[in-house]
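Every chain is numbered from 1 and lettered A, B, ... according to where its sequence line falls, protein lines coming before strand lines. Just so you know, these numbers use all the heavy atoms, side chains as well, and skip hydrogens, waters and symmetry mates.
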Protein chains: 2
Amino acid sequence: MDETQFDWDDLRLFMAVAKHGGLAGASEESGKSAPTLGRRMLILERHLNQTLFERKNTGYDLTEQGQALMQKAMSVNNIVAPITTSAPYTEHKRVKVSAGCWTTVWLCRSLNSIAMDQPITYQFIAADEELDIPHREAVIGVRNKRVTHPSLASRRVGHVEFAVYASNAEVQPWVHVLGTTPSALWVAEHASDNAKVEVSHPRSALDLAVSGVAKAVLPRFIGDNEPGLIQVGESIPALQHDRWLVCHHDDRHLPEVRQALTFIGDALLADTTVS
Amino acid sequence: MDETQFDWDDLRLFMAVAKHGGLAGASEESGKSAPTLGRRMLILERHLNQTLFERKNTGYDLTEQGQALMQKAMSVNNIVAPITTSAPYTEHKRVKVSAGCWTTVWLCRSLNSIAMDQPITYQFIAADEELDIPHREAVIGVRNKRVTHPSLASRRVGHVEFAVYASNAEVQPWVHVLGTTPSALWVAEHASDNAKVEVSHPRSALDLAVSGVAKAVLPRFIGDNEPGLIQVGESIPALQHDRWLVCHHDDRHLPEVRQALTFIGDALLADTTVS
DNA sequence: AATATCCGTTTCATGGATGAAACACAGTTT
DNA sequence: AAACTGTGTTTCATCCATGAAACGGATATT
């Protein structure tokens, strides 16, 4: 075997040249220029030790060996073509966005027709733990602190405050959201031994607060925008933080990533609960 | 569809990564380094808009989508693998050599065990008209004059003389080889209206001369080495010429072409009929 | 607990694959 | 016959895909 590996893409290019009877006609379908196709056909012939074409000034004619190879190339194409055409939303690019639960709620609510008209499929991954961007668990992250990883880029997109919310000022029991988020830890520390409700999902905290059963610690961009709730007391200084939009250096020049960063940045900066 | 074409070789690389469970293990089989494989897998995932792997520090695990793709990649491999392994003499490279009829005879006789031990399949194309090296009708040509085409390289490999040969000095009829070679034209011009025999193949001229039926014009490296023939008269000055080994600039660095040039040059220079 | 090992990711210099432009050749059109 | 057109080949500047080296993280070994 030749010391270099057989490049399967040579088969794709071969098929285009054979189908169009020449280099010029194959150029558009294959995405390669005529000089490149010419060179790649020479490489293919040498690799297979076969003469695949009879070259003329008017085009490339297949030899018998070339015709035999063409059958095989078309068989390969019958497998490969559906892979590329059946890929979901082929004109859409998936962008994975990792953010805290409430930020994800905000972003979902912020999706509008302009954002939905972009050729982007947003995949929001609501998670409290940070997803691993170098390992591509997400492409974009909304973090509560700046990252200093040299391969990640970040920019500040606003500030977040938390406060206690309830349906009325007399509600006493707390909602304690399980977990290790700063707000969860804060409630665990400050909630008295009074009756409290424990929930595993932050969304349940909101439900309980609205129903009047208990009071919950919520970010103000959620609490302030929930009609059935009022803010009880001042915002909680210990829980306030900046918000950072984080992305891998390599990915941020990709068109769909650039567009997503713009949309997310704008959406987060539209939060008017803080100046 | 993404503006760039789908590179089928990404499927080959994907299959290797999936099979070995990671980049490092796939490196040797695929012929690509781990960083390159990593990048190509990202490109593939982006192109297909799918998540094919779960990336860990200990390797790449396939997702369900990745497993589905692996089945298809293996189907493609079932078609492609026989193409590359059943290519004839896969460790041999075919080298097409275009030369005149008699030069081809000389070269065939010169093949020895050393030349046959080379990983080269010689394809001698005996032709009087020059084959088109830019269009790869041949890789190496033996010509009777120097070429000045800028993309072709040439070097002189000896001198050729022609003479009349017969089984004895009394043979009168000529053998006239049809065609437009200098020797054919010479015979047409000088042969008297005496009885003559016309043949289409130069080898037939040799046969007729040996059988004593007629006399033939042959190159001395053939005539002098045929036991049943004697040279009649002096060599023919009008037909003598240098011999040139011609090759495409691009091809001559290829290992098998370099070896073939060496063998052919040595074989032609071993012709001792001229100093 | 400390060290070694393996694998993936990051950085960056480099070589080679690429394509634009020009040229050559043959066929077509006027 | 002359001009035009289409296609392949050649030339060469450019840029990008690549891999070596280094680094980071997790697991295995001692």
Side-chain angles (χ1 to χ4, degrees), chain A residues 4-5 7 9-10 13 16-18 20-28 30-46 52-61 130-139 147-153 247-253, chain B residues 4-5 7 9-10 13 16-18 20-28 30-47 52-61 130-139 147-153 247-254:
Chain A
T4 60
Q5 298 289 342
D7 186 333
D9 213 43
D10 285 341
L13 304 180
V17 173
H20 292 272
L23 307 174
S27 182
E28 183 174 351
S30 67
K32 298 287 185 187
S33 68
T36 296
L37 288 172
R39 283 190 296 265
R40 295 288 288 269
M41 293 307 97
L42 285 171
I43 290 171
L44 178 63
E45 281 179 319
R46 178 167 179 264
L52 302 170
F53 297 106
E54 183 182 345
R55 291 164 172 80
K56 297 171 175 172
N57 283 339
T58 50
Y60 276 37
D61 292 338
E130 295 176 3
L131 292 190
D132 188 336
I133 294 182
H135 281 87
R136 268 65 185 193
E137 288 182 336
V139 172
V147 298
T148 54
H149 194 292
S151 71
L152 300 180
C247 179
H248 200 289
H249 271 303
D250 282 352
D251 297 332
R252 63 186 184 138
H253 71 280
Chain B
T4 60
Q5 298 290 341
D7 187 332
D9 212 43
D10 285 342
L13 303 181
V17 173
H20 292 272
L23 306 175
S27 182
E28 182 175 351
S30 66
K32 299 289 185 185
S33 69
T36 296
L37 289 171
R39 282 188 297 265
R40 296 287 289 268
M41 293 308 95
L42 284 171
I43 290 170
L44 179 62
E45 280 180 319
R46 179 167 178 263
H47 200 101
L52 303 170
F53 298 105
E54 183 183 346
R55 289 163 173 82
K56 298 171 174 171
N57 283 338
T58 50
Y60 275 36
D61 292 338
E130 294 176 3
L131 291 188
D132 190 334
I133 293 184
H135 281 86
R136 265 69 183 190
E137 289 182 334
V139 172
V147 299
T148 53
H149 195 292
S151 71
L152 300 180
C247 180
H248 201 289
H249 270 302
D250 283 351
D251 296 333
R252 64 190 185 133
H253 72 281
L254 297 173

Interatomic distance, A:Asp61 CG vs D:dG8 P [rounded to whole Å]
10 Å
When you measure from the side-chain N and O atoms of A:Thr58 to the phosphate of D:dG6, is any distance below 4.0 Å, counting only OP1 and OP2?
no
Hey, is the side chain of A:Arg39 pairing donor to acceptor with the base of C:dG19 inside 3.5 Å?
yes
Interatomic distance, B:Phe53 CZ vs C:dG8 P [rounded to whole Å]:
10 Å
Looking at every strand, decide which applies to B:Pro35 at a 4.0 Å heavy-atom threshold: base, sugar-phosphate, or nothing.
base
Length of the line joining A:Asp250:CG and C:dT9:P, which is rounded to integer Å:
11 Å
Taking the nucleotide of DNA chain C with the closest heavy atom to each, which residue, B:His135 or A:Pro134, is nearer the 5' end?
A:Pro134
Starting at atom CZ of A:Arg136, determine the distance to atom C1' of C:dT10, rounded to an integer number of angstrom.
10 Å
Phosphate oxygens OP1/OP2 of C:dT9: is one of them under 4.0 Å from a side-chain N or O of B:Tyr60?
yes
Which one, D:dG8, D:dT10, C:dG19, comes nearest to the side chain of A:Thr36?
C:dG19
Quick one: B:Glu54 CD to C:dT9 P, roughly how many Å, whole number?
12 Å
Hey, mind stepping through B:Asp251 and B:Arg136 against salt bridge (charged side-chain N to carboxylate O under 4.0 Å, His left out) and telling me if it holds?
CA-CA 10 Å; B:Asp251 296 333; B:Arg136 265 69 183 190; 3.3 Å; yes
In whole Å, I'd like the distance from the NZ atom of A:Lys56 to the C1' atom of D:dT9.
17 Å
What are the two closest non-hydrogen atoms of B:Glu45 and B:Leu52, and how far apart are they?
OE2-N, 2.8 Å
DNA chain D: 5'-proximal contact among B:Asn57 and B:His249 (nearest heavy atom)
B:His249
Correct closest heavy-atom pair for B:Arg40 and B:Lys32 would be NH1-CE, 4.2 Å
Among D:dG8, D:dG19, C:dT10, which nucleotide has an atom closest to any side-chain atom of B:Ser33?
D:dG19
Per A:His248 side chain, nearest of listed nucleotides C:dT18, C:dT10, D:dT10
C:dT10
Just the rounded figure in Å: distance from P of C:dC25 to CD of B:Glu137.
14 Å
Exam field: side chain B:His248 to backbone B:Asp250, donor-acceptor pair closer than 3.5 Å
yes
Heavy-atom closest contact (A:Gln5 atom, B:Ser30 atom, distance)
CG-O, 3.2 Å
So, does A:Lys32 get its side chain near the phosphate of C:dT18, meaning an N or O under 4.0 Å from OP1 or OP2?
yes
For A:Gly59, which contact category applies under a 4.0 Å heavy-atom criterion: base, sugar-phosphate, or nothing?
sugar-phosphate
In whole angstroms, the gap separating C1' of C:dG8 from CZ of B:Arg40 amounts to 18 Å
